[in-house]
Structure formats: C-alpha cells, structure tokens
Amino acid sequence: KKVASIMEEAIRCSVKIMTIDEQTGEFFFYPEKKEDMLTDEDTAKHESIIKTFKEIEETGGAAERAGFLCFPIGGEKNARGVIAAFGDEKVNFPSHEVRLFREVAGLMKKILENSLLINDMNRSLIKMQSLFSAVKELARASNYRKLLDDIVETAMKINDCEGASILLLNGSEDKLKFAAVSGEHSSQLVGFEFPRSEGIAGWSLEQKREGVINEVSQSPYFSPRVDEVVGSLTRNLMVVPLGPADEPVGVMEAVNKLDGGDFSPQDLMYFGILASQAFQIIEKARLYDELNERSEERRVGKECRSRWSPYH
C-alpha cells in the first residue's frame with residue numbers, strides 16, 4: 001500500500017500492485033478495497049492487470065505502451081506479481097518513470113524473496129518520498145531565478161554531494177552557461193561559459209545521454225577547465241540532459257559524492273527524475289516571469305502615454 005501511494009505521488013497517475021498467492025493462485029491488489037467498494041473502473045483495471053500478467057508469464061518482458069506500464073515482480077517466467085500504472089492513453093510514460101517502475105519492481109521482488117530487509121526497502125521509499133516532497137516545494141518558488149537556485153540546492157542534498165549545477169545553452173546556442181550552482185564555488189561559476197561540446201557536460205548534451213563517471217580522470221570526455229577556474233578537484237560526477245529528450249536545452253550535474261564515495265545507479269535514477277520534474281517547473285516559471293515582464297512593460301507604456309497626452 002505504501003509503495004503504491006508513493007508511486008502515485010511520483011508519477012501522478014493510478015498505480016496498482018498485484019501479487020499472487022503461490023499456494024492458492026489467488027490474486028491480491030493494492031491499495032486494497034473491499035468488494036462492495038470496487039468501482040467499474042477498478043474492476044476493469046484489475047482485469048487488465050491479470051490479463052497482462054498472464055501475457056508476461058507466457059512471453060516474458062514487460063508491458064509498455066501509451067498510458068500503461070506493467071512490470072513483473074520477480075522473473076519474467078516466474079513472476080510473483082506485477083506493478084502497473086494507468087495514465088493518459090495518448091501519452092507514453094517518460095523514460096525516467098519507466099526506470100523508476102523497474103527499480104521498484106526489483107525492490108518488491110527482493111522483499112517477497114526475503115533477500116531485502118524491510119528496513120532497506122523503507123530507506124529506499126523514504127528517499128523517494130524526500131525527492132517528491134522536494135519537487136512539490138520547488139513548484140512553490142516565487143520566481144525563475146530563485147527556482148534555479150532552489151533546484152541545485154535540492155540536487156546537492158538529495159544526492160549527498162559537494163555541489164550541483166544547471167548549465168543552459170546561451171542565446172546563440174554555441175556555449176553552455178552555468179545558470180545556477182550550489183556548493184562552495186557557486187559565486188565563481190555562475191555565468192561562466194564554455195563551448196557546448198566541451199567536457200562531460202558537452203558529451204551529455206550532444207549525445208542526449210545521462211551518465212555516472214566515478215573516475216573522471218579516466219574519462220576521455222573530461223575537461224579540467226572548470227577545476228582550473230575555481231581551483232577545485234572533481235573526483236566523480238553525474239550528468240543528465242535537461243529538457244526534451246530529442247532536443248535538450250542544457251544539463252544538470254552533481255559533483256563529488258560526500259565522504260569519498262561513488263555515485264550509484266540509484267543516485268542517477270533519482271537525479272534523472274529530479275531533472276525531468278525540475279525542467280517542467282522551470283519552463284512554467286520562466287513563462288510566468290515573461291508574462292509578468294510584458295504586463296509590467298504594457299502598464300508602464302500606458303502610464304507614459306497617459307502622462308504625455310495632449311489632453312492633460
């Protein structure tokens with residue numbers, strides 16, 4: 001029930017988890033509802049899940065189509081259940097939400113096999129809840145500039161790292177510019193630009209790929225330019241494209257995991273979710289600020305015309 005609730009909050013659609021009793025073959029659905037409380041919609045979803053579960057058992061894999069995700073809990077040929085999401089039938093789920101589902105299905109499998117302690121599952125769920133709570137707070141930011149600063153502060157805290165940054169393409173789209181930076185070197189880096197194809201950030205933008213690089217000195221794409229500017233040492237980093245998958249407008253980076261640790265695939269998953277959610281909020285805030293600026297310009301213009309009217 002807790003997992004389904006958190007997932008619904010994460011992707012803002014209906015999520016159901018179905019498990020099967022291996023002794024009786026009976027299906028159980030979560031969140032639970034009494035028989036007399038089930039709606040026609042609930043029944044239709046349950047039937048769809050059972051049908052998909054049987055297809056997964058026969059053919060393997062997972063079901064991914066517009067408005068519907070269904071991942072097996074356990075091996076494809078020996079699934080212990082499924083986790084399913086029902087969204088807009090005309091829209092595909094974004095890649096980071098597909099990854100999140102796959103991750104949660106894996107956690108559920110371990111719980112059912114008693115190979116993952118409930119406490120470990122709870123830690124993962126708490127991290128997810130922290131992330132989604134942070135996204136809600138970001139949506140309340142009062143303006144575009146503050147929003148950018150709040151996002152990189154959130155990224156630094158969520159990922160337990162020394163700093164995070166948002167880099168956006170400049171007006172001519174030939175350079176990446178540090179639009180917001182958290183951590184010790186923020187004042188030195190905000191506004192700093194470099195060629196759009198340079199470094200790991202440039203690689204991520206050009207290739208439209210995310211990545212974890214735990215030994216940056218071994219990466220052929222790493223550029224020491226930023227370290228030289230601020231006098232720091234980058235040990236490891238995560239990078240994710242920011243914006244539409246086919247045409248990102250920048251990247252987000254998280255640098256140097258605390259206590260000398262490495263970034264994990266789970267860290268990257270959470271970072272990707274944050275970047276995706278953040279971009280949507282950034283776009284809304286940017287458009288809102290632009291509308292306010294235009295409204296203010298019109299107001300000032302009217303006042304000026306009124307002040308210089310020959311009839312006054």
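All heavy atoms count here, side chains included; hydrogens, waters and symmetry mates do not. Quick caveat, the model's predicted, so the values are computed rather than measured.
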Fill in: Heavy-atom check, side chain of Val240 versus side chain of Val251, under 4.5 Å
no
Worksheet item: Roughly how far apart are His185 NE2 and Ser165 OG, rounded to 0.5 Å?
Response: 12.0 Å
Worksheet item: Relative to the ring of Phe29, is the ring of His46 parallel (under 30°), tilted (30 to 60°) or perpendicular (over 60°)?
Response: parallel
Worksheet item: What pair of heavy atoms forms the shortest contact from Met156 to Glu162, and how long is it?
Response: SD-O, 3.3 Å
Fill in: Check: Thr234 and Phe222 side chains under 4.5 Å, non-hydrogen atoms
yes
Discussion item. Evaluate Glu64 against Phe71 for side-chain contact (heavy atoms from CB on, under 4.5 Å), listing each step before the verdict.
Written reply: CA-CA 8 Å; Glu64 296 180 44; Phe71 277 84; 3.8 Å; yes
Worksheet item: Going hydrophobic residue to hydrophobic residue with side-chain gaps under 4.5 angstrom, can you get from Val212 over to Met269?
Response: yes
Fill in: Side-chain (Thr154) to main-chain (Asp150) donor-acceptor, under 3.5 angstrom
yes
Worksheet item: How many angstroms lie between atom CG of Asn170 and atom CZ of Arg196, to the nearest 0.5 angstrom?
Response: 9.0 Å
Response to the item:
Contacts of Ser186 meeting side chain to side chain donor-acceptor pair (under 3.5 Å) (sequence neighbours excluded), chain-then-number -> none
Practice prompt. With the side chain counted from C-beta on, respond yes when Phe28 and Asp21 share a heavy-atom pair under 4.5 Å apart, and no when they do not.
Written response: yes
Discussion item. Once rounded to the nearest 0.5 Å, what's the spacing between atom CG of Asp174 and atom OG of Ser197?
Written reply: 10.0 Å
Discussion item. Hydrophobic clusters here meaning ILVMFWY residues chained together by side-chain heavy-atom distances under 4.5 Å, can you tell me if Phe271 and Leu168 are in one?
Written reply: yes
Worksheet item: When you check the gap from the basic side-chain N to the acidic O, do Glu47 and Lys51 get nearer than 4.0 Å?
Response: no
Discussion item. Test side-chain contact (heavy atoms from CB on, under 4.5 Å) on Val82 and Thr52; report intermediate values, then the result.
Written reply: CA-CA 9 Å; Val82 292; Thr52 305; over 6 Å; no
Worksheet item: Donor-acceptor pair, Lys257 side chain versus Asn159 backbone, under 3.5 Å?
Response: yes
Practice prompt. Could you walk me through whether Leu237 and Asn256 pass side-chain contact (heavy atoms from CB on, under 4.5 Å), step by step?
Written response: CA-CA 6 Å; Leu237 63 79; Asn256 290 348; over 6 Å; no
Worksheet entry | Other residues, nucleotides, ligands: >12 heavy atoms within 6.0 Å of Lys208 NZ | yes
Worksheet, complete the sentence: In this structure, NZ of Lys45 is separated from CZ of Phe86 (nearest 0.5 Å) by 6.0 Å
Practice prompt. Show your working on side-chain contact (heavy atoms from CB on, under 4.5 Å) between Tyr221 and Ser204 and close with a plain yes or no.
Written response: CA-CA 10 Å; Tyr221 303 106; Ser204 175; over 6 Å; no
Discussion item. Using modelled atom types and a 3.5 Å cut-off, is there a donor and acceptor pairing between side-chain atoms of Asn236 and backbone atoms of Glu215?
Written reply: no
Item to complete: Return yes when atom CD of Glu193 has more than 12 non-hydrogen atoms of other residues, nucleotides or ligands closer than 6.0 Å, and no otherwise.
Response: yes
Worksheet item: Quick one: NZ on Lys16 to CD1 on Ile49, what's the gap to the nearest 0.5 Å?
Response: 6.5 Å
Discussion item. If hydrophobic clusters are built from ILVMFWY residues whose side chains come within less than 4.5 Å, do Leu169 and Val181 share one?
Written reply: yes
Worksheet item: Side chains of Phe279 and Pro248: closer than 4.5 Å at any heavy-atom pair?
Response: no
Worksheet item: Between Asp42 and Thr39, is any side-chain donor less than 3.5 angstrom from a side-chain acceptor?
Response: yes
Discussion item. Does any part of the side chain of Gln188, heavy atoms only, come nearer than 4.5 Å to the side chain of Phe178, both counted from C-beta?
Written reply: no
Fill in: Atom of Ala278, atom of Ile151 and distance for their closest heavy-atom approach
CB-CD1, 3.7 Å
Fill in: For Leu176 against Gly250, the heavy-atom pair lying closest together
CD2-CA, 4.2 Å
Worksheet entry | Validation row: Leu167, Leu205 side chains within 4.5 angstrom (heavy atoms) | no
Fill in: Hydrophobic cluster identity match, Ile50 and Ile20, side-chain contacts under 4.5 Å
yes
Worksheet item: Is any side-chain heavy atom of Pro241 closer than 4.5 Å to a side-chain heavy atom of Arg209?
Response: no
Worksheet entry | For the student: nearest non-hydrogen atoms of Leu38 and Thr43, plus distance | CB-OG1, 4.4 Å
Worksheet item: Would you say Leu189 and Val239 are hydrophobically clustered, going by side-chain heavy atoms of ILVMFWY under 4.5 Å?
Response: yes
Worksheet item: What distance do Tyr144 atom OH and Asp149 atom CG have between them, rounded to the nearest 0.5 Å?
Response: 11.0 Å
Fill in: Validation row: Thr19, Tyr30 side chains within 4.5 angstrom (heavy atoms)
yes
Worksheet item: Do you know which two heavy atoms are closest between Met252 and Ile166, and how far apart they sit?
Response: CG-CG1, 3.8 Å
Worksheet item: Shortest non-hydrogen contact from Phe93 to Gly67?
Response: CE1-C, 3.5 Å
Discussion item. I'd like to know whether CG of Asp36 has more than 12 heavy-atom contacts from other residues, nucleotides or ligands below 6.0 angstrom.
Written reply: yes
